Protein chains: 2
Amino acid sequence: MATTQTPHCYEALTVETLPTRLIGVADLAARVGNDPASWSVQEVGDGNLNLVFIVTGPSGRVVVKQALPYVRLVGDSWPLPLKRAFFEYHALTRQAARDPGMVPDIYHFDEAQALIVMEYLSPHIILRGKLIKGERVEGLGKALGLFCARTAFQGSDLAMNAGEKKADTALFSGNVELCDITEQLVFTDSYYDAERNHHTPELQPVVDELRADPALKAAAQYMLMRFTSGGETLMHGDLHTGSVMCTDTDTKVIDPEFAFYGPLGFDLGMLIANYLMAYFSQPAHRSADELEGYQDWLLDVTRETSTTFHAEFVRLWASERTGILYPPALWEDQGQSSDGARDALLNHIWNDAMGFCGVELHRRILTLAHNADFETIEDTAARAKLEARSLDMGRTILLARPSNTDDLIALARATNAKDLL
Amino acid sequence: MATTQTPHCYEALTVETLPTRLIGVADLAARVGNDPASWSVQEVGDGNLNLVFIVTGPSGRVVVKQALPYVRLVGDSWPLPLKRAFFEYHALTRQAARDPGMVPDIYHFDEAQALIVMEYLSPHIILRGKLIKGERVEGLGKALGLFCARTAFQGSDLAMNAGEKKADTALFSGNVELCDITEQLVFTDSYYDAERNHHTPELQPVVDELRADPALKAAAQYMLMRFTSGGETLMHGDLHTGSVMCTDTDTKVIDPEFAFYGPLGFDLGMLIANYLMAYFSQPAHRSADELEGYQDWLLDVTRETSTTFHAEFVRLWASERTGILYPPALWEDQGQSSDGARDALLNHIWNDAMGFCGVELHRRILTLAHNADFETIEDTAARAKLEARSLDMGRTILLARPSNTDDLIALARATNAKDLL
């Protein structure tokens with residue numbers, strides 16, 4: 001890990017110091033109330049990296065998110081630069097412009113303090129928690145399919161001015177340390193006995209088999225090259241069900257601090273993998289009479305995300321193709337259809353998405369940062385049986401990509417019926 | 001085109017002003033002689049963009065290359081930023097480190113004057129001129145295959161530190177205007193009636209057919225996306241036979257001002273296309289008794305470039321794989337072979353190279369910057385017949401890539417026998 005240089009004036013907030021320290025932030029006071037003595041402050045960060053405070057006052061409530069100069073999950077032995085707040089801020093502003101209303105409103109950004117004051121989403125909770133509890137969210141697949149398509153398309157050379165896109169690529173190229181986490185944890189650590197790895201003990205035979213497969217590792221590393229050298233658009237970079245907050249009818253996307261220029265299909269693929277892990281984990285969370293219906297719903301969400309992504313991309317292709325890529329001068333202006341070109345590009349995006357989906361289905365079970373879908377299953381033998389399905393599906397996908405959503409969903413159902421341990 | 005801001009102190013050199021203006025450049029005087037009155041200065045720039053002076057004095061000779069704030073080929077109606085000299089300088093230093101001796105030595109760089117003082121290569125001449133004259137260069141394919149492999153491998157995440165590679169990617173992201181030239185002229189203008197295009201009149205039916213093929217244009221635009229969003233390594237960016245200088249036994253690469261992070265196969269593919277255009281143009285330059293032998297030699301050079309690239313990549317894979325991509329931890333450290341992973345990656349590189357080769361075979365005939373191989377053929381009917389072969393091969397390659405060098409060469413021979421007009 002690179003060493004982190006903490007700016008001289010940076011200081012981590014605490015529940016006690018927050019009111020005094022943020023008293024001068026007019027945009028905060030305007031929303032919460034002018035008298036900091038009237039504020040109540042709660043620290044609620046349950047993620048892996050940051051401090052998250054909810055500040056409540058007589059006029060309202062906001063969230064204050066502050067980066068720590070190390071990985072919270074691991075401690076100060078793993079330094080992590082504060083500038084990730086800078087990248088999160090810039091990603092949020094771009095996402096807000098590209099899919100208005102889908103990310104929290106930003107009220108204030110303090111680069112030196114690595115601090116963002118933003119909208120308190122209520123009564124939203126983290127999607128992953130809802131999926132573990134068996135709750136449904138109306139319009140989930142549609143909202144996230146639109147988000148993935150709009151941010152992907154509008155952040156790419158399909159829509160942006162080429163010079164501005166290159167300048168923005170350069171800006172996000174500074175997000176080295178967070179990319180390093182993705183590069184190692186998502187794409188590489190799964191496939192060897194990396195020091196920070198852990199997995200459910202009963203999985204060992206499956207893990208051994210996976211790590212003995214050179215073709216699988218070649219496919220995963222090719223996806224790493226796509227990630228690190230495929231700067232097609234500004235990705236969210238960490239779009240899993242823990243980066244989505246929902247009510248029963250509303251969906252928002254948070255936490256884009258891993259933002260980086262990468263493949264058009266990255267966010268879509270990572271998100272689908274997280275739906276699938278929710279799906280595979282359900283037998284441990286649902287009673288028999290609820291299980292099938294809820295698993296079906298999760299696959300419906302997967303399908304809706306994918307078909308919405310496709311449809312919105314098609315819409316944007318027709319209406320907002322203003323960049324250097326696939327210019328209308330080559331087709332429409334000559335009286336020709338560009339549908340074939342568009343569909344070939346959509347196949348490329350889907351193929352990438354499936355590759356990313358495959359590695360994500362592995363890494364959440366084999367490397368450092370697991371997910372609660374599986375981790376909350378206390379019976380490790382039962383957990384391992386379900387995790388094995390996720391590993392199996394990831395391997396199948398990486399070695400031969402499902403060519404469309406139907407094939408993907410059929411594969412998920414078939415895998416869900418497998419007895420692997 | 002973006003407008004260019006010329007730094008206040010920048011002033012284009014002339015043959016007359018050069019001695020007075022560069023009198024203080026110690027690294028120049030040390031090589032040429034201390035008394036500028038003893039220098040003789042010649043302007044020899046025959047390229048499309050820059051001023052090039054040869055300065056000769058009692059102790060030696062150097063080249064002074066200075067960027068102009070516009071495209072020389074077009075005039076000041078097409079401004080072009082001086083900072084391209086900055087990118088050329090930085091590319092030259094990286095190439096010199098990665099393949100020592102293959103680029104001119106740099107003696108002095110003046111960013112404000114957009115000026116590089118460098119080695120005078122003698123008796124080297126531009127390779128394209130030698131190929132038109134029917135001269136052979138010993139070791140040409142080997143030298144350029146090594147250059148492409150070494151710069152590609154060592155500039156990528158296979159070898160570099162990931163943070164340094166991202167910082168360097170950001171630096172070269174500033175080379176917007178020269179990328180814009182490539183993006184438009186190489187990948188797009190060929191496929192519609194762009195204003196600055198021109199082509200040999202007799203080609204019209206072939207051109208019409210080409211521009212009527214939507215699948216071909218989709219393939220070309222996919223390669224544009226690969227170029228502009230596939231930052232795998234630091235490319236030379238303009239590696240044609242006009243960017244190579246040779247004696248009968250020595251080869252050097254010059255003019256990397258188009259340098260940018262792009263696909264591992266870009267330079268290789270562009271170079272091969274330029275060999276192939278030399279090959280297709282030969283019937284107009286050689287007598288019947290020389291033709292076959294010289295065309296065979298050009299295909300031998302093509303083959304040697306490709307096989308050397310492959311062999312050197314394999315060697316570097318085994319000995320210099322120190323980056324985040326395909327780390328030995330996943331194969332060798334587990335007692336497994338990574339040959340399959342390497343060969344899959346080499347296939348990906350070759351596939352890209354062929355795509356770039358295809359678009360280059362088109363653009364040198366259809367867009368603004370033609371090449372002398374064809375342009376020096378005065379009989380336009382004869383020229384068009386030969387150019388049509390290049391267009392035909394480019395189209396075939398873009399629609400179905402030759403899977404290896406043998407297939408590529410067989411296709412070149414078959415195309416060379418076609419009567420297309």
Side-chain angles (χ1 to χ4, degrees), chain A residues 2 156-158 162-163 165-167 169-177 179-180 183-184 187-188 191-194 211-212 214-215 217-222 224-225 228-233 260-261 263-264 324-327 329-331 333-334 336-345 348, chain B residues 2 156-158 162-163 165-177 179-180 183-184 187-188 191-194 211-212 214-215 217-222 224-225 228-233 261 263-264 324-327 329-331 333-334 336-345 348:
Chain A
S156 79
D157 283 303
L158 290 162
K165 192 234 177 191
K166 286 183 176 70
T169 299
L171 185 143
F172 283 95
S173 290
N175 206 1
V176 172
E177 292 78 6
C179 284
D180 176 67
E183 288 154 358
Q184 302 303 325
F187 292 96
T188 301
Y191 307 105
Y192 78 112
D193 190 20
R211 291 185 183 154
K217 294 185 279 191
Q221 288 292 302
Y222 180 79
L224 170 54
M225 186 169 79
T228 201
S229 303
E232 295 167 357
T233 194
F260 184 64
Y261 273 81
L264 288 156
I324 56 168
L325 282 186
Y326 299 87
L330 299 194
W331 290 278
D333 297 357
Q334 297 180 41
Q336 292 173 10
S337 165
S338 64
D339 291 2
R342 180 199 67 205
D343 293 346
L345 178 58
H348 155 80
Chain B
S156 79
D157 283 303
L158 291 161
K165 193 234 176 190
K166 286 183 176 69
D168 215 43
T169 299
L171 185 143
F172 283 95
S173 290
N175 205 2
V176 172
E177 292 78 6
C179 283
D180 176 67
E183 289 154 359
Q184 302 303 326
F187 292 96
T188 301
Y191 306 105
Y192 78 112
D193 190 19
R211 291 185 182 153
K217 294 186 278 192
Q221 287 293 302
Y222 180 78
L224 170 55
M225 186 170 79
T228 201
S229 303
E232 295 168 356
T233 194
Y261 273 81
L264 288 155
I324 55 168
L325 282 187
Y326 299 86
L330 299 193
W331 290 278
D333 296 357
Q334 297 180 40
Q336 292 173 11
S337 166
S338 64
D339 291 2
R342 179 198 67 205
D343 293 346
L345 177 58
H348 155 80

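All figures in this text were calculated on a predicted structure; none of them were measured in a lab. Computed from heavy atoms alone, side chains included, the values below leave out hydrogens, waters and symmetry copies. Chain A is the first sequence line, chain B the second, and so forth, proteins listed ahead of strands; every chain is numbered from 1.
Ring-plane geometry between B:Y222 and A:H348 is classed as perpendicular, the angle between the planes exceeding 60 degrees on a 0 to 90 degree scale with a lower cut at 30.
Of the listed residues (A:L158, A:D339, A:L325, A:D333), the one with the most heavy-atom contacts under 4.5 Å to chain B is A:L325.
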Checklist entry - Run the side chain to side chain contact (heavy atoms under 4.5 Å, CB included) check on A:Q184 and B:I324 step by step: do they pass? => result CA-CA 8 Å; A:Q184 302 303 325; B:I324 55 168; 3.6 Å; yes

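Only the side chain of A:Q336 comes within contact range of chain B, with at least one heavy atom under 4.5 Å from a heavy atom of that chain. Contacts between B:A344 and chain A at a heavy-atom distance below 4.5 Å are absent for every atom of the residue. In this structure, no portion of A:Y261 lies under 4.5 Å from any heavy atom of chain B. Residue B:A194 does not touch chain A at all, counting heavy-atom pairs closer than 4.5 Å. Using a 4.5 Å cut-off between heavy atoms, B:R211 touches chain A through backbone and side chain atoms alike. Looking at A:A219, neither its backbone nor its side chain comes within 4.5 Å of chain B, counting heavy atoms on both sides. If you measure heavy-atom distances from B:S337 to chain A, the contacts under 4.5 Å come from the backbone alone. Interface remark: B:P263 contributes no atoms to any contact with chain A (heavy atom separation under 4.5 Å).
In this structure, A:M225 and B:L264 have side chains that are in contact, with non-hydrogen atoms separated by less than 4.5 Å. Residues A:L345 and A:Y326 form a side-chain contact, since some pair of their non-hydrogen atoms from C-beta on lies under 4.5 Å apart. Taking the side chain as every heavy atom from C-beta outward, A:K165 and B:S229 approach each other to under 4.5 Å.
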